Amino acid sequence: MLREVAVENYTHIPQALAAGADRIELNDNLAVGGTTVSKGVMAESAKYVHEHDRSLVTMIRPRSGNFVYNDTELKIMEADLFEAQALGVDGVAFGALTADGLIDEDAMTSLIAASAGMSVVFHMAFDAIPEDQQPAAIDWLAAHHVDRILTHGGPLTIPIESTLSHLQTLITHAADQITILPGGGITSQNAAAIADKLGVKELHGTKLIQF
């Protein structure tokens, strides 16, 4: 089981890796769902994680709130992607939506292009897409070489135990196209049961391991 642990800034990375994290998702401001860290934090984190033979995904999100971005915000995100690329970051997590909750295809195409050489994760913006549009979103993301979709399977206000049925539907639809990465409310206590129920090999969470 690959355990991706979301951390805030550099501070907890050494403890997380020592406790068995396989991959780090690096954020600032986890209280609002995560935003992009500073260049300095990204650089030190990449160095430490790679020295310990693990991989680093960094959040690319210029602000809290919704995932509808204007041109200036998209330019900021592209600049952060180029910085992550230059620092040797393994993967990046981002998502851009239209005002009606669909994938912003133009924005995503540009962001994916700026991510060349790194794995791409479409983060929990996916859960803001209407459920009846999510299969089409999976197909689009897979066709545009996105590697993983991070999803809770529903609003974070709902316990993950109540979203497992929908997560299973998404996993079945994704098949071998793209990896569905369950997250949100997965802890060291329930991780094994959730992985077994869903038949997945990767999980994401802030409390996925104890450290």
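In this chain, residues are counted from 1 in sequence order. Bear in mind the structure is a predicted one, so any value in this text is a computation, not a measurement.
- Placement of Ile24 and Val41 within a single hydrophobic cluster is found when ILVMFWY residues are connected by side-chain heavy-atom separations under 4.5 Å, directly or transitively.
- In this pair, Trp140 and His144 present their aromatic rings parallel. The plane angle is below 30°, not in the 30 to 60° band.
- Between the side chain of Asp104 and the backbone N or O of Ala107, at least one donor-acceptor pair lies under 3.5 Å.
- The side chain to side chain donor-acceptor pair (under 3.5 Å) with His204 is formed by just one residue from the set Arg148, Glu4, Arg23; it is Glu4.
- No donor-acceptor contact under 3.5 angstrom links the side chains of Gln134 and His173, judged on distance only.
- Note: Phe126 and His152 fail the aromatic proximity criterion, with ring centroids not under 6.0 Å apart.
- Taking 4.0 Å as the cut-off between side-chain N and carboxylate O, Arg3 and Glu202 do not count as a salt-bridged pair.
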Exercise. Is there a side-chain hydrogen bond (donor to acceptor under 3.5 Å, both in side chains) between Asp28 and Thr35 once you walk through the steps?
Worked result: CA-CA 5 Å; Asp28 198 3; Thr35 56; 4.5 Å; no

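- Distance check: Ile171 CD1 to His166 NE2 gives 10.5 Å after rounding to the nearest 0.5 Å.
- In this model, a donor atom of one side chain and an acceptor atom of the other lie less than 3.5 Å apart for Asp139 and Gln177.
- Using a 3.5 Å distance cut-off with no hydrogens or angles, the side chains of Asp127 and Thr151 do pair a donor with an acceptor.
- Side-chain N/O atoms of Asp100 and Thr98 include a donor and acceptor closer than 3.5 Å.
- The backbone N or O of Thr187 lies less than 3.5 Å from a partner atom in the side chain of Asn190, making a donor-acceptor pair.
- Judged by distance alone, with hydrogens and angles left aside, the side-chain atoms of Glu8 form a donor-acceptor pair with the main-chain N or O of Leu30 at under 3.5 Å.
- By the 30° and 60° cut-offs, the orientation of the rings of Tyr48 relative to Tyr10 is perpendicular.
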